[in-house]
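One structure is given below, encoded as structure tokens.
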Amino acid sequence: MANPVVAIVGRPNVGKSTLFNRIVGERLAIVEDVPGVTRDRLYSKAEWLGKSFYLIDTGGIAFDDHDALIDSIRHQAELAIDEADVIIFVVDGTVGITEEDQSVARMLFRSKKPIVLAVNKIDNTKRLHDIYEFYSLGVGEPYPVSGAHATGIGDLLDEVIKHFPEHEEDAYDEDVIRVSLIGRPNVGKSSLVNALLGEERVIVSDIAGTTRDAIDTPFMFEGQEYVLIDTAGMRKRGKVYESTEKYSVMRALRAMERSDVVLVVLNGEEGIIEQDKKVAGYAHEAGRGVIIVVNKWDAVEKDERTMNRFVAEIRQEFKYLSYAPILFVSAKTKQRVHTILPKVAQVAEQHAFRIATPVLNDLIQEATTVTPPPSDKGRRLRINYATQVSVKPPTLVLFVNDKELMHFSYQRYLENKIREAFPLEGTPIRILVRNKSE
Ligand SMILES: Nc1nc2c(ncn2[C@@H]2O[C@H](COP(=O)(O)OP(=O)(O)OP(=O)(O)O)[C@@H](O)[C@H]2O)c(=O)[nH]1
Ligand SMILES: Nc1nc2c(ncn2[C@@H]2O[C@H](COP(=O)(O)OP(=O)(O)OP(=O)(O)O)[C@@H](O)[C@H]2O)c(=O)[nH]1
């Protein structure tokens, strides 16, 4: 379920970004593209031969000073070693081996992580003999590539995916609810984890064989088993992670992917800032159940309208998360912390909700009768058949006469009708529109 992470490492100017763009932009499809949520180029989801993974570009460091440069390349490599499942180590075939390359190679070699060596800028076959000297880096076979001409990338990726972990790493039982907390630094994630686990009725259980690397914390609450995902990551995240946003983002993403329900934590004292919107956008895109938790409510000066105002602001800023319930809590005083887990259980149930096909079709029938689809140049959308194809999140397919005729606003209308009929609080709904013939 969690996608492997592939990091591109190398000194400046070897062509990391060019390769990143090639891998993501042309050879491979970017999976999912949710409108309205901006995507940055720190990382991207990519796919090769049916295997999807996260690709991160560790580039973008520039220093005048040689020592500072080496230091920061090392730092990048260290993070890649920590977080990635496979590392693509890029060198420049036109320049040959440099001291920085050797320094990176030594670190990568010691890490014992799988390394695939890409010798870039091999723009034509005449250059192919330039790759042999790179064997002496001691990190294995050099793969000739040209980011500029998009050659050699398939062979490189064939090698990369061979090193993906074979087994599903988090084989928790179906009925265990997996929860993660995300939010920008200092909103109180660790404090909330402690408050949740400190709840009297919480028993930290040990579900056998599941706590690989002890990064997750399983526990029982009111007869239900839960796992807090990547608790260790949340606790350990120190200076290094904070200074390198892409790694904390990636870590949060992986945690989210392994979760049923994500708690998006906000700081009630400071209000919503840009970074919160990014975090919330990721949560929505991940397709998990979402609960918005406003923490530090104890520190907010309030009157009877404060809460409503905050709710209105959240709805305004995170329009795409309109399905997410909002809780106001304090990890410090424990105020309303006890409402979190019951809400998580409820949202997890909705996230796995299944609508029977006849019921769904009746509902769509009725909705299209009440408000018929708009017509476009004399042609009208017809929905022939609807069915739910998967859960977590509930994903529906609508078979129609011509999917070009489906407009965003009409799709939103149908989603609202579905939400009126079923208790889908906290879960996104995916609606796929297909032509009848597909
Ligand atoms: N000839 C040739 N030039 C390339 C190739 N790939 C990249 N370049 C050039 O190399 C330069 C550096 O490319 P980038 O992709 O920015 O390198 P980078 O490693 O990401 O650099 P930083 O962001 O500084 O870490 C650019 O001028 C590219 O046009 C290639 O395959 N052949
Ligand atoms: N007043 C108040 N302070 C809180 C509350 N929760 C956390 N804090 C304080 O906020 C600060 C940050 O809390 P953490 O739990 O470390 O926050 P975090 O989100 O885990 O931070 P990172 O590890 O940096 O991502 C600490 O000084 C906490 O004591 C709360 O409910 N009320």
Side-chain angles (χ1 to χ4, degrees), residues 7-25 41-42 56-63 69 72-73 76-77 88-95 98 100-101 104 118-124 127 130 143-153 156 180-198 228 230-243 245 247-249 251-252 255 263-270 275-276 279 293-301 327-337 340:
I8 304 181
V9 176
R11 64 180 175 81
N13 224 38
V14 292
K16 295 183 298 298
S17 312
T18 311
L19 279 175
F20 177 93
N21 289 333
R22 283 290 178 201
I23 294 174
V24 167
R41 305 308 315 246
L42 297 173
I56 333 152
D57 175 8
T58 66
I61 25 177
F63 283 93
L69 175 64
S72 80
I73 296 172
Q76 294 277 10
I88 299 179
F89 176 25
V90 187
V91 293
D92 185 334
T94 63
V95 173
T98 69
E100 290 102 324
D101 292 335
V104 175
V119 182
N120 190 33
K121 310 195 187 180
I122 304 296
D123 296 343
N124 54 60
R127 287 237 163 110
D130 292 341
Y143 284 81
V145 297
S146 167
H149 295 96
T151 53
I153 297 182
L156 179 77
S180 58
L181 287 84
I182 65 163
R184 62 182 161 93
N186 218 37
V187 292
K189 295 179 294 297
S190 318
S191 308
L192 269 175
V193 165
N194 290 330
L196 283 170
L197 295 176
L228 275 174
D230 196 19
T231 338
M234 251 168 328
R235 288 187 169 150
K236 121 179 185 195
R237 200 177 299 144
K239 272 201 298 256
V240 175
Y241 284 93
E242 273 164 40
S243 66
E245 197 204 345
Y247 283 95
S248 36
V249 166
R251 194 152 191 149
L263 306 180
V264 173
V265 185
L266 303 176
N267 183 340
E269 203 181 2
E270 289 174 2
Q275 212 180 338
D276 295 316
V279 167
V293 178
V294 182
N295 188 37
K296 307 200 189 183
W297 200 240
D298 62 286
V300 176
E301 256 188 65
L327 301 176
F328 292 83
V329 310
S330 164
K332 189 176 169 189
T333 66
K334 309 282 193 310
Q335 190 190 13
R336 280 191 293 273
V337 166
I340 295 176

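Counting starts at 1 for both ligands and their atoms, following the listed order. Quantities reported herein were computed from a predicted structural model and do not represent experimental measurements.
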* Any idea which part of D123 is under 4.0 Å from ligand 1, heavy-atom wise: side chain, backbone, both or neither? -> side chain
* **Short N or O distance, I122 and ligand 1, threshold 3.5 Å exclusive** => no
* Structure fact -> When every non-hydrogen atom of K121 is compared with those of R127, the smallest separation belongs to O-NH1, 3.3 Å
* Does any N or O atom in G15 lie less than 3.5 angstrom from one in ligand 1, N or O only? -> yes
* Run down the list R127, H149, K16 and name the one with the heavy atom closest to atom 25 (O) of ligand 1. => K16
* Which is closest to atom 9 (C) of ligand 2 by heavy-atom distance: Q335, K296, K334? -> K296
* Asked: Measuring from D298:CG to Q335:CD, what's the distance to the nearest 0.5 Å?
  -> 7.5 Å
* To do: Would you mind telling me if ligand 2 is within reach of the side chain of N186, the backbone, both or neither, using heavy atoms under 4.0 Å?
  => both
* To do: Examine the proximity of ligand 2 to V187 and report which part, side chain or backbone, both or neither, has a heavy atom under 4.0 Å away.
  => both
* To do: Enter the distance from N267:CG to W297:CH2 here, rounded to the nearest 0.5 Å.
  => 11.0 Å
* Taking all atoms of both residues into account, what is the closest heavy-atom pair of S146 and I153, and its distance? -> O-CD1, 4.4 Å
* Interatomic distance, N120 atom CG to K16 atom NZ [nearest 0.5 angstrom] -> 10.0 Å
* Which bit of N120 gets closer than 4.0 Å to ligand 1, counting heavy atoms only: side chain, backbone, both or neither? -> side chain
* Structure fact -> ligand 2 atoms nearer than 4.0 angstrom to some heavy atom of S191 are 6 (N), 7 (C), 13 (O), 14 (P), 15 (O), 28 (C)
* **Atom of F89, atom of V104 and distance for their closest heavy-atom approach** => CE1-CG1, 3.6 Å
* Taking atom 19 (O) of ligand 2 as the point of reference, which of R184, K189, E269 owns the nearest heavy atom? -> K189
* Do you know which of V187, I182, L266 makes side-chain contact (heavy atoms from CB on, under 4.5 Å) with V279? -> I182
* Structure fact -> One finds that the ligand 1 atoms under 4.0 Å from a non-hydrogen atom of S146 are 31 (O)
* To do: Run the numbers for me: atoms of ligand 1, each under 4.0 Å from some heavy atom of G147, listed by number.
  => 30 (C), 31 (O)
* Is there a donor-acceptor contact under 3.5 Å from the side chain of K296 to the main chain of G188? -> no
* Please say whether A299 places an N or O atom under 3.5 Å from an N or O atom belonging to ligand 2. => no
* Straight-line distance of L228 CG to L196 CG, nearest 0.5 Å -> 6.5 Å
* Asked: Backbone or side chain, does any N or O of V329 fall under 3.5 Å from an N or O of ligand 2?
  -> no
* Could you list the atoms of ligand 2 found under 4.0 angstrom from a heavy atom of D298? => 1 (N), 2 (C), 30 (C), 31 (O), 32 (N)
* **Min N/O separation W297 to ligand 2 under 3.5 Å** => no
* Hey, is the main chain of A331 close enough, under 3.5 Å, to the side chain of N295 for a donor-acceptor pair? -> yes
